[in-house]
Amino acid sequence: DAAAKRRLLREVLALHKLAGHQNVARIDAVFFDGQVAVLQTQFYPRGTLAQYLADPAVAPPRLPAPHGGVVDRASDRAAKLLMPALRQLLSALVTVHAVKMVHADVKPDNALVAAEGTVVLGDFGLSRLAAEESPAAALAFATTRVGAGTPLFIAPEVENGKAATSAADVHGFAVTVLLLLAPGLPLPHSPLRGAPLALPAAFCAADPAAAAALAPCLALDPNDRPTA
């Protein structure tokens, strides 16, 4: 409807504020296909960050991990590829939040890699302008999107029907970091969580510094999470 189109245009204008940031996907066009709004972004030939890191032509082989699949952060793989990529993704998130936007679907599949290896945050299909909405409107946005996004990355408060805020993006970023650092570890997850996502014991033992940094980002109360 007309109100939805106006809202989309406000968000596109906000995205244009990010156009100069090298780690945010560039929006090339916006069009409507019937009642569906489509944001067309630049093509990123190296695919998602997960695909990029799995490419043997790009990434050195993952080190043996007898402690349960945790990647050694001191390895060439992590030092040369993974940690710089995560810093670029975090830089994008900081910039998005600076213009009062919420991405609402931060995950490895939405981190895209350009031809030269630059990592960008893409897929703003669930994003919204936090600053221009009343609490009621923000909650309506969340309520109409129950089931949207990817369950593992969705913050507990969003799963329980509350509106996504920048704290939900921090939660998604933390889960992204965890999965890329520890791709072989199963993560407990249940809908409508009443407890924060638990860091696997093997991960905590193998990389206590990373575990200490990630734990606050996964706090059950969004107010307890650090900002990006």
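Keep in mind that the numbers below use all heavy atoms, side chains included, and drop hydrogens, waters and symmetry copies.
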Heavy-atom closest pair (His103 atom, Val96 atom, distance to 0.1 Å) is N-CG1, 4.4 Å
Measure across Leu181 and Met83 and return the closest heavy-atom pair with its distance rounded to 0.1 Å. CD2-SD, 4.3 Å
Rounded to the nearest 0.5 Å, what separation is found between the SG atom of Cys217 and the CG atom of Leu199? 10.0 Å
For the student: nearest non-hydrogen atoms of His97 and Asp169, plus distance: NE2-OD2, 2.8 Å
Quick one, Thr227 and Val170 - any side-chain contact, counting heavy atoms below 4.5 Å? no
What distance do Arg87 atom CZ and Leu82 atom CG have between them, rounded to the nearest 0.5 Å? 9.5 Å
Identify the heavy atoms of Leu152 and His171 that sit nearest to each other, and give their distance. O-CE1, 4.2 Å
Closest contact, heavy atoms only, Leu49 versus Ala85: CD1-CB, 3.8 Å
Go through the structure and list residues passing side chain to side chain donor-acceptor pair (under 3.5 Å) with Thr95, not counting sequence neighbours. His21
Any non-hydrogen side-chain atom of Val120 less than 4.5 Å from a side-chain atom of Gln42? no
Spacing of CG belonging to Leu18 relative to CZ belonging to Arg26, to within rounding of 0.5 Å: 14.0 Å
Between the OG1 atom in Thr48 and the NZ atom in Lys107, the distance rounded to the nearest 0.5 Å is 10.5 Å
Taking Asp123 for the side chain and Asp105 for the main chain, is one N or O donor matched with an acceptor at less than 3.5 Å? no
I'd like to know if the side chain of Thr176 and the backbone of Gly172 have a donor-acceptor N/O pair within less than 3.5 Å. yes
Min side-chain heavy-atom separation Asn23-Leu89 under 4.5 Å: no
Can you get from Leu121 to Phe153 by hopping between Ile, Leu, Val, Met, Phe, Trp and Tyr side chains that sit under 4.5 Å apart? yes
Atom of Tyr44, atom of Leu112 and distance for their closest heavy-atom approach: CD1-CD1, 3.8 Å
